[in-house]
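Notes follow once the structure below has been shown.
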Amino acid sequence: MKKSLIALAVLAASGAAMAQSSVTLYGIADAGVTYLNGGSNWSGVTSGNNKTSRLGFRGVEDLGGGLKANFVLEGGINLDTGDGKSGGATDNGFQFKRQSTVGLAGNFGEVRLGRELTAAYNATARYDVFGSVGLAQSRLWADGGVVDANANAKAVTTNQRISNAVTYVSPSFSGFKVGVNYGFGEVAGGNSKSGYMGAGLMYDNGPLSLGLGLERLKSGANSVATSDIDAWSLGGSYDFGVAKVLAGYRESKVDVAAGENKRLGYYVAATAPVGPGLVRASYNRYENKLAGFKEKADQFGLGYVYSLSKRTSVYGTYAYLKNKDGASLYTLGSGGLKTNGSQQGVQVGITHAF
């Protein structure tokens, strides 16, 4: 009898411990048909037009006293080809390049170690109504092309994600929250080279939302940059109920052999609920300045997401981009630009979350 009681007590304790921890498998499957009209017409099936297709695992364990341990392992997937070259992955194999972190969270906030989106990106890119994906996404927050193993390579701006990072995110204080990243350069004999420092400040209170991002990427041995890359961004939105208005600005600069290279731009957008879906519209102005020369481009986007359920939706997006003053810096994708520097495209597809 005693042994039975002890066994039951052990099982009960084990059940309680298991109830305090959990692991969740989650993901998004998004694919559609894309048509581009430019120097040459192009059409095909593309992945991640409305939301990036992904597969991930997240877990949490309650350690007691308000302290919790957590982890996230998340990788991108291209549904059109079935490979994993997405979210910063450097080859076709599946990699947890979207996020791979482990951390502790409590009343003090949260500390994480690993690879993830920068705090600056999280603070301001959230005002892109197209979610940094698809033809109409804002290219203000486009990746800088920094290759982890190759220092800054040919980058003139920062990446959306940072590897080898220590991240701190504060709790919310009257709507204010701050996030900070430090990414180790991991260069032998010069650890500060290729290192990253960034911060994001967010304010969310009722219909008003604001964000500020500050970043510095140290120059590295393999970089074409002759100085550090500095970037800052600002964004905000206000929800009127019948519609939400959003805006953003981003600027980055770096010195290269030809002189100072500065990229900047601004963004205004609006969303409005219509039926069971959401109308999205945006305008972007991009500028690139290098050694006294200026390149400019304008981009317009319009889309509608129709919700079939809480997890499934269909969407349609139209985008038009026009480079000015003979520039050819920006494109929407395959097919190239027309002789007047323009390109337009349409995407229709399905998104399912699980």
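In this pair, F57 and F96 present their aromatic rings perpendicular. The plane angle is above 60°, beyond the 30 to 60° band.
Between Y318 and Y320, the distance from one ring center to the other does not fall under 6.0 angstrom. Taking the centre of each ring, Y266 and Y249 stay at or above the 6.0 Å mark.
Looking at K97 and E116, no side-chain N of the basic residue comes within less than 4.0 Å of a carboxylate O on the acidic one, giving no salt bridge. Electrostatic pairing of D298 and K324 counts as a salt bridge here, judged by a charged N lying under 4.0 Å from a carboxylate O. Salt bridge present: K296 and D325 bring a charged side-chain N and a carboxylate O closer than 4.0 Å. The pair K218-D228 meets the salt-bridge criterion, with a side-chain N (NZ, NE, NH1 or NH2) lying under 4.0 Å from an Asp/Glu carboxylate O. The existence of a salt bridge linking R216 and D230 is confirmed by a sub-4.0 Å separation between a basic side-chain nitrogen and an acidic carboxylate oxygen. Between R112 and E110, at least one side-chain nitrogen of the basic residue sits less than 4.0 Å from a carboxylate oxygen of the acidic one, meeting the salt-bridge criterion.
Cation-pi geometry between R58 and Y26 is met: under 6.0 angstrom from the ring centre, within 45 degrees of the axis.
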query = For T118 and N181, what are the C-alpha separation, side-chain angles and deciding distance, and is it a side chain to side chain donor-acceptor pair (under 3.5 Å)?
reply = CA-CA 7 Å; T118 67; N181 309 105; 5.0 Å; no

ask   = What's the verdict on salt bridge (Lys or Arg N to Asp or Glu O under 4.0 Å) for R285 and E287, showing C-alpha distance, side-chain angles and the deciding distance?
value = CA-CA 7 Å; R285 159 57 67 92; E287 294 185 10; 3.6 Å; yes

key: Derivation of the side chain to side chain donor-acceptor pair (under 3.5 Å) call for S47 and S53   = CA-CA 7 Å; S47 179; S53 298; 3.1 Å; yes

key: Working for side chain to side chain donor-acceptor pair (under 3.5 Å), residues S328 and N323   = CA-CA 6 Å; S328 58; N323 289 272; over 6 Å; no

query = T317 and Q347: side chain to side chain donor-acceptor pair (under 3.5 Å), yes or no, with the steps?
reply = CA-CA 5 Å; T317 303; Q347 289 179 320; 5.0 Å; no

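In this view, F293 satisfies the ring-ring contact (aromatic ring centres under 6.0 Å, His included) rule with no residue, not counting sequence neighbours. Qualifying ring-ring contact (aromatic ring centres under 6.0 Å, His included) partners for Y203, counting only residues two or more places apart in sequence or in other chains: F176.
If you check the side chains of D255 and T226, you find no donor sitting under 3.5 Å from an acceptor. Residues S163 and R115 have side chains that bring a donor and an acceptor to within less than 3.5 angstrom of each other. Between the side chains of T81 and N78, no donor-acceptor pair is found at a separation under 3.5 Å. In summary, the side chains of Y127 and S138 do not present any donor paired with an acceptor at a separation below 3.5 Å, with no hydrogens or angles considered.
Going from atom CD of E215 over to atom CD1 of I162 covers 9.0 Å, rounded to the nearest 0.5 Å.
Within 6.0 Å of atom CG in N107, 12 or fewer heavy atoms from other residues, nucleotides or ligands are found, so the atom counts as exposed in its surroundings. More than 12 heavy-atom neighbours from other residues, nucleotides or ligands sit within 6.0 angstrom of CG on L264.
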